[in-house]
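Reading through the structure tokens given below for one structure.
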Amino acid sequence: MKKIQIKTVKGFNEILPPESFRWRVVEDKFRNLLEGYGFAELRLALLEPTELFARSIGGETDIVEKEMYTFLDRSDRSLTLRPEATASVVRAYNQYSLGKLSEINKLYYVGPMFRYERPQKGRYRQFHQLGAEVFGEGSFYQDAETLVMLAQFFHTLSIKGAALHLNSLGCEACRPAYRDHLKDYLYDRQESLCEDCRRRISENPLRALDCKNPQCREAVTDAPPISGALCDGCRQHFSGLCGLLDDTGLDYQVNPRLVRGLDYYTRTTFEFLAGDLGAQNAVAAGGRYDRLVEELGGKATPAFGFAIGFERLMMLIGSEVAPLSSPFAALVPIGEEALRYLFPIHVELNRKAQVTTLGFQQKSLKSQLKKADKDGVTYALIVGPDELNQGEALCRNMRTKEQTRIPLSRLGEALRELLP
RNA sequence: GUGGGUGUAGCUCAGUUGGUUAGAGCGCAGGAUUGUGGCUCCUGAGGCCGAGGGUUCGACCCCCUCUACUCACCCCA
């Protein structure tokens, strides 16, 4: 291109029509479902102090180490575009003392997240999440209810292939001992581990369980599963959850390798995995984080949350075009006098409701009808010199091709009567 | 950060061993006897063939560099 075109930043994808209509349909369904379950929306800052994420997600995670959009502002504060929203929700929960409004808080959000990764199918630098968090409820009943709600969401969207994978990561009482145990195990086998996993032994040994390197998978096949190391409380929580899921008939599989890349999870973690998403196959994920509120300076509060990848979700939904909302009628003037006559009527009609279109370019009747058809209008109101003389507009039903005459004096009124 | 693939019209793509005016479908605009849409037909607009350099009498085509997009690794939503 000879002219310099300014384009979007790499990995920042924009949603154009008709895709934007499809997005809104899905988003509305999400909102309705969540609000039906008692969730309220939070609209949060996209930019946060960097330390929020370093402290919540974990300093040694990939997200914090190399995937954040971090920069200094004009007063040299380190700011970061949020890579996920849970940290921000917790920050807001503490900042505004939302816990004092009611004992249990259910909050949801919809919006963009930012990670500086190499873009690929299902992974973008700016991507969108639909997410929710529940504060103040530590019972496994909450875990179960939320998972069932998520499954219901997929169901209403006719998504079949989302499989629920579940695990428990234990809590502060039992995880440290397991971590040490696993460290020893990995240390003994470090020869057969990949470079990353060798590094993980000291930093974040659980992650080695999740490594996709075939050698590592091999080396880790008979690693001690965390399920055997859970304390009584965690074991009861997990088996309680599984029991409730069994009762409600929600299919799931326990996956002892499911570890997640964020440090704040305790007890339940889960992912909904979908087959045809390519390599990025998690469409939704989340879990319990009973320590995070306190770690970020609040009162000790149990919490459970999840996030759905919007783009990935839309990939699963197929591409039936959402019905575009279209104007009800086209005003079709022939000649300048007619255009001049119709303009105030058009404006007046649309003041009450968005019902008519009017082209200003004085095109031929044929091309105006063609346009009206493309716009999907139900009626075309044709007004040319003849109609002006006779004081009647020609009203053409675009579906049935029936044409009737309407006195110009009661054009607006007649049109409103035709509205469904 | 590391690999592979691909950049030709608004979109999806053809383009013969390098040869003169670069094509199709869709979309867009106009038309097919007076002022009537969808189907069909005709016509038209729209491309420095991603950018720069090189080889050659001659490059969309071959070589190099860059860049963008894309898929995968990695990581995750």
Side-chain angles (χ1 to χ4, degrees), chain A residues 1-5 7-13 16 57 61-68 82-86 110-131 150 162 194-197 200 204 207 210-214 216 258-262 269-274 277-286 305-316 330 332-335 338 361-387 394-403:
Chain A
M1 308 294 145
K2 52 188 173 260
K3 284 188 183 168
I4 298 166
Q5 287 261 25
K7 303 196 302 178
T8 47
V9 175
K10 181 202 282 283
F12 283 60
N13 298 324
L16 311 177
I57 296 172
T61 59
D62 282 16
I63 291 176
V64 170
E65 273 182 348
K66 51 189 192 193
E67 295 174 1
M68 294 206 305
R82 62 181 188 188
E84 58 115 31
T86 298
V110 175
M113 309 294 157
F114 306 86
R115 290 184 201 171
Y116 195 89
E117 301 178 90
R118 201 62 176 265
Q120 70 183 73
K121 187 178 170 69
R123 190 176 80 183
Y124 313 101
R125 289 184 170 183
Q126 175 179 330
F127 62 102
H128 296 78
Q129 289 186 336
L130 305 161
L150 255 176
C194 71
E195 202 178 318
D196 284 335
C197 284
R200 284 168 181 153
N204 196 349
R207 286 288 313 290
D210 202 27
C211 186
K212 282 165 187 150
N213 182 310
C216 296
L258 178 57
V259 162
R260 322 259 41 250
L262 294 75
T269 60
F270 70 90
E271 291 182 348
F272 278 89
L273 265 29
L277 280 183
Q280 312 300 322
N281 63 349
V283 63
F306 67 85
I308 303 168
F310 210 144
E311 285 83 354
R312 293 181 188 178
L313 184 67
M314 295 309 288
M315 282 191 263
L316 292 174
V332 178
I334 302 166
Q361 292 187 13
Q362 300 194 45
K363 301 207 175 190
S364 70
L365 175 60
K366 184 194 195 80
S367 79
Q368 290 197 75
L369 285 177
K370 207 182 262 188
K371 178 84 165 74
D373 183 54
K374 214 177 310 176
D375 288 343
V377 304
T378 313
Y379 291 96
L381 287 161
I382 302 164
V383 177
D386 297 349
E387 285 74 15
L394 200 52
C395 177
R396 179 179 176 82
N397 184 315
M398 296 296 278
R399 311 237 195 290
T400 66
K401 298 185 173 185
E402 272 180 298
Q403 298 196 151

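Each chain gets a letter, A, B and so on, in the order its sequence line appears, and its residues count up from 1. Model, not experiment: these values are computed from the prediction.
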Nucleotide N/O of nucleotides 32-35 of chain B paired with protein N/O under 3.5 Å:
{"unit_1": "B:G35", "atom_1": "O6", "unit_2": "A:D386", "atom_2": "N", "d": "3.2"}
{"unit_1": "B:G35", "atom_1": "O6", "unit_2": "A:D386", "atom_2": "OD1", "d": "3.3"}
{"unit_1": "B:G35", "atom_1": "O6", "unit_2": "A:D386", "atom_2": "OD2", "d": "2.6"}
{"unit_1": "B:G35", "atom_1": "O6", "unit_2": "A:E387", "atom_2": "OE1", "d": "3.4"}
{"unit_1": "B:G35", "atom_1": "N1", "unit_2": "A:E387", "atom_2": "OE1", "d": "2.9"}
{"unit_1": "B:G35", "atom_1": "N1", "unit_2": "A:E387", "atom_2": "OE2", "d": "3.1"}
{"unit_1": "B:G35", "atom_1": "N2", "unit_2": "A:E387", "atom_2": "OE2", "d": "3.1"}

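With contacts defined as side-chain heavy-atom distances shorter than 4.5 Å, the pair A:Y116/A:K66 does not qualify. With contacts defined as side-chain heavy-atom distances shorter than 4.5 Å, the pair A:L150/A:I308 qualifies. The shortest distance between side-chain heavy atoms of A:V110 and A:H128 does not fall below 4.5 Å. Using a 4.5 Å heavy-atom cutoff, the side chains of A:L130 and A:L313 are in contact. Between A:V259 and A:T269 the shortest side-chain heavy-atom distance does not fall below 4.5 Å.
In this structure, A:R123 and A:F310 both approach RNA chain B, and ranking their closest nucleotides by distance from the 5' end singles out A:R123. The residue among A:Y116 and A:G309 whose nearest nucleotide of RNA chain B lies closer to the 5′ end is A:Y116.
Between A:M398 atom CE and B:U36 atom C1' there is a gap of 8 Å when expressed in whole angstrom units. Note: NZ (A:K66) to P (B:G1) measures 12 Å, nearest angstrom. Between A:K401 atom NZ and B:G37 atom P there is a gap of 8 Å when expressed in whole angstrom units. Residue A:R399 contributes atom CZ, which lies 17 Å from atom P of B:G37 at whole-angstrom precision. B:C73 atom C1' lies 12 Å from atom CD of A:E117, rounded to whole Å. Taking atom CG of residue A:L130 and atom C1' of nucleotide B:A77, one finds them 10 Å apart after rounding to whole Å. Residue A:L369 contributes atom CG, which lies 12 Å from atom P of B:G31 at whole-angstrom precision. In this structure, A:R125 atom CZ and B:A77 atom P are separated by 18 Å, rounded to whole Å.
Among the protein residues, A:Y124 comes within range of the nucleic acid bases, having at least one heavy atom under 4.0 Å from a base atom. Residue contacts shown for A:N281 include a base, since a base heavy atom lies under 4.0 Å away. Using a 4.0 Å heavy-atom distance criterion, A:E67 is classed as a sugar-phosphate-only contact. Within 4.0 Å of A:K10, counting heavy atoms only, lie sugar-phosphate atoms of the nucleic acid but no base atom. At a threshold of 4.0 angstrom between heavy atoms, the contacts of A:A284 are confined to the sugar-phosphate backbone, with no base atom among them. In this structure, A:S367 reaches the sugar-phosphate backbone alone: every heavy-atom distance under 4.0 Å involves primed, P, OP1 or OP2 atoms, never a base. No engagement by A:G286 is indicated, since no non-hydrogen atom pair under 4.0 Å with the nucleic acid exists.
Out of B:G31, B:C74, B:U36, the shortest distance to the side chain of A:Q403 is found at B:U36. For A:R312, counting side-chain heavy atoms from C-beta on, the closest listed nucleotide (B:G37, B:C28, B:A77) is B:A77. For A:K363, counting side-chain heavy atoms from C-beta on, the closest listed nucleotide (B:G37, B:G30, B:C73) is B:G30.
Counting only Watson-Crick and G-U wobble pairs whose two distances sit under 3.5 Å, RNA chain B takes part in these stems of three or more pairs: B:1-7 with B:67-73, B:10-13 with B:23-26, B:28-32 with B:40-44, B:50-54 with B:62-66.
Taking side-chain N and O atoms only, A:K374 has a distance below 4.0 Å to OP1 or OP2 of B:C28. A sub-4.0 Å separation between OP1 or OP2 of B:C76 and a side-chain N or O of A:R207 is present. The phosphate of B:A72 (OP1 or OP2) has a side-chain N or O of A:Q120 nearer than 4.0 angstrom.
A:R82 places no side-chain N or O within 3.5 Å of a backbone atom of A:F114 that could act as its donor or acceptor partner. At least one donor-acceptor pair under 3.5 Å links the side chain of A:R312 to the backbone N or O of A:G122. Without hydrogens or angle criteria, A:Q368 side chain to A:K363 main chain gives a donor-acceptor distance under 3.5 Å. Between the side chain of A:R125 and the main chain of A:P119, no donor-acceptor pair closer than 3.5 Å is present.
Rounded to whole Å, the C1' atom of B:G27 lies 23 Å from the corresponding atom of B:G50. B:G47 and B:G4 have their C1' atoms separated by 29 Å, with the value rounded to a whole Å. Using atom C1' as the reference point in both B:G19 and B:G46, the two lie 26 Å apart (nearest Å). Only the C1' atoms considered, B:C28 is 24 Å distant from B:G35, to the nearest whole Å. The separation of B:U17 from B:U21, taken at their C1' atoms, amounts to 23 Å, rounded to a whole angstrom. Here, B:U70 and B:G18 have their P atoms 32 Å apart, quoted to the whole Å. Between B:U43 and B:U6, the distance separating the two P atoms is 36 Å to the nearest Å. Of the P atoms belonging to B:G44 and B:G53, the separation is 35 Å, rounded to the nearest Å.
Salt bridge A:R260/A:E271: present, at least one basic N to carboxylate O contact under 4.0 Å.
Across A:E311, A:M315, A:Q280, a single residue satisfies side-chain contact (heavy atoms from CB on, under 4.5 Å) together with A:K121, and that is A:M315.
The aromatic ring of A:F127 is stacked on the base of B:A77, with the two ring centres less than 5.5 Å apart and the planes inclined by under 30°.
Looking at residues two or more places apart in sequence or on another chain, you find a side chain to side chain contact (heavy atoms under 4.5 Å, CB included) between A:T8 and A:E14.
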